[in-house]
Amino acid sequence: TTRETQRRTKKKPDTTPAESSYSPHPFTDSSAHWSSRSCQIQTLYVSFRDLEWHDWIIAPNGYDAFYCSGECNFPLNAHMNATNHAIVQTLVHLMNPSQVPKPCCAPTKLSPISVLYFLDESNVILKKYKNMVVKSCGCH
Amino acid sequence: GLYVDNGVDRTEMARALTSSERREVEHEILSLLGLPNRPPRAPPGSAAPQFLLDVYKSLLDAPRDDLNLSGRDLSAINESDVIMSFASRSEAHQSGLRHERGRRLWFDVSEVPIGERIVSAELRLFQSESTTPQRATVSVYQLVADGTREKALMLVDSAAAGPTGGWLVLNVTGPLNSWVAFPDSNLGLYLSVHLPDKPAHEIHPEDIGIVISKGSDASRQPFMVAFFQSSGHRTTHSR
């Protein structure tokens, strides 16, 4: 038992730097470390130029997509909206943390973008995407 | 890369994405935009992309004077969810025509999104400044099968062409509606030009400076543009 404990103790420093340098994937890792902050809008710029799609997507060069991230803890920032349901859900969550989840940090206002791209070698399409840019976030 | 706020009003790159993560993000964006495949590289400088680029610029906030939209009603552009341009493929389907002086235009409309309502469609023809100052009537006909090997002509729209040149715009909403509803009925359009003093005598479109041939300036070749409104029913492509 003592040897086992020593082995574990020795191994610990080796694993710590790797863990501390870990940065979660913004799309797939829901337990991202920045989500511990309160619900707010985060910057996500999608650059068609950096993706080397500019010979295909004529305009724009990219767009500010943004996304919502963070926890819905009250009181929220003054600018942050929360639905009545989110407030009630928070209270119920505090009473039953294991059964009732917290409200979700999600977009409250979205705006469109237009994208101009080649369909094939000659035909072109200009398409309006209605809910592409997050303008504000809130708790639902 | 993956950028995070460092807490003192500065954004720093935490780490670069791996190639597999980058591919995954690319696929996410493609899926979000509804683009299943990257098309082959397009020839630069053709007229249709330039027209839609002008439309795109008109949708941006700042008003611009350098846009060549030929007096188009901008409210119609703002109301459209999808605007598509179609380059003329006049080399396709050339057989079965008795008319020799007119020109036939054919457009591949198979990529028209399903479930979108067609608001309008325009045929845009460029007329170079003519050396012979004469007026003419440009008519566009829809080619329809009449059950025999010959094809019938159905008048769609006409426009007056003058010696000053520029873009001629003809309404071809009807033919596009029928081509989308019945793809096999797409036999193309027939372009006919008459002088006002000789209505029975048909002349070549090139005689009054209308650009038709493939070899000429790509930015002035004929194309069709169609305006669509979303029906609300979304079709998604599988990845």
Side-chain angles (χ1 to χ4, degrees), chain A residues 18 20-29 32-38 40-48 50-63 65-67 69-70 110-133, chain B residues 1-5 7 11 13-15 17-18 21-22 24-26 28-30 32-35 37-44 46 48-53 55-57 59-60 77-78 80-89 107-111 113 221 223-228 230:
Chain A
S20 64
S21 65
Y22 169 73
S23 292
H25 190 287
F27 287 126
T28 57
D29 195 341
H33 68 275
W34 57 77
S35 68
S36 61
R37 302 175 63 171
S38 60
Q40 61 183 281
I41 192 166
Q42 303 280 346
T43 305
L44 176 68
Y45 184 73
V46 176
S47 170
F48 297 137
D50 285 353
L51 289 164
E52 296 174 352
W53 293 353
H54 51 279
D55 60 333
W56 163 31
I57 297 179
I58 304 165
N61 289 333
Y63 71 99
F66 302 114
Y67 65 99
S69 176
L110 296 155
S111 67
I113 61 161
S114 292
V115 182
L116 178 63
Y117 58 92
F118 282 101
L119 266 184
D120 53 34
E121 69 275 6
S122 54
N123 294 340
V124 183
I125 185 166
L126 175 61
K127 197 168 178 180
K128 191 189 286 178
Y129 293 90
K130 281 183 176 165
N131 298 317
M132 288 294 280
V133 179
Chain B
L2 175 62
Y3 296 81
V4 294
D5 186 343
T11 304
M13 189 165 89
R15 67 176 175 86
L17 294 180
T18 64
E21 283 175 333
R22 182 192 158 108
E24 191 184 341
V25 173
E26 286 184 13
E28 288 289 343
I29 297 167
L30 287 175
L32 202 62
L33 294 170
L35 307 174
N37 296 305
R38 184 192 178 104
R41 193 183 173 89
S46 52
Q50 187 54 53
F51 173 78
L52 281 191
L53 192 56
V55 172
Y56 173 82
K57 287 173 183 171
L59 293 172
L60 301 179
I77 291 173
N78 285 319
S80 300
D81 297 310
V82 178
I83 306 172
M84 285 177 80
S85 72
F86 305 90
S88 163
R89 298 187 183 177
F107 302 95
D108 181 3
V109 297
S110 60
E111 292 281 354
Q221 282 174 359
F223 67 95
M224 186 172 75
V225 62
F227 300 83
F228 302 91
S230 180

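Just so it is clear, the model here is predicted, and its values are computed rather than measured. Residue numbers begin at 1 in each chain, while the letters A, B, ... track the order of the sequences.
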Asks: Let me know if A:P60 has heavy atoms under 4.5 Å from chain B in its side chain, its backbone, both or neither.
Replies: both
Asks: Taking A:K128 as the fixed residue, which of B:V82, B:D81, B:I83 is the one that meets the side-chain contact (heavy atoms from CB on, under 4.5 Å) rule?
Replies: B:D81
Asks: So what's closer than 4.5 Å to chain B heavy atoms on A:Y45: side chain, backbone, both or neither?
Replies: neither
Asks: Could I get the full list of salt bridge (charged side-chain N to carboxylate O under 4.0 Å, His left out) partners for B:E111, not counting sequence neighbours?
Replies: none
Asks: To the nearest 0.5 Å, what is the distance between CG (A:L126) and CZ (B:F51)?
Replies: 10.0 Å
Asks: Heavy-atom distance under 4.5 Å between the side chains of B:E26 and A:L51, does that happen here?
Replies: yes
Asks: Nearest 0.5 Å please: distance from the CG atom of A:D50 over to the CZ atom of B:R22.
Replies: 8.0 Å
Asks: For B:L53 versus A:A59, what's the shortest heavy-atom pair and its separation?
Replies: CD1-CB, 4.1 Å
Asks: Could you list the residues that satisfy side chain to side chain donor-acceptor pair (under 3.5 Å) with B:S110, not counting sequence neighbours?
Replies: B:D108
Asks: List the steps, then state whether side-chain contact (heavy atoms from CB on, under 4.5 Å) holds for B:L30 with A:W53.
Replies: CA-CA 11 Å; B:L30 287 175; A:W53 293 353; 3.8 Å; yes
Asks: Grab the two heavy atoms, one from A:S114 and one from B:L59, that are nearest each other, plus how far apart they are.
Replies: OG-CD1, 3.7 Å
Asks: Could you point out which residue of A:L116, A:V124, A:L119 forms a side-chain contact (heavy atoms from CB on, under 4.5 Å) with B:S85?
Replies: A:V124
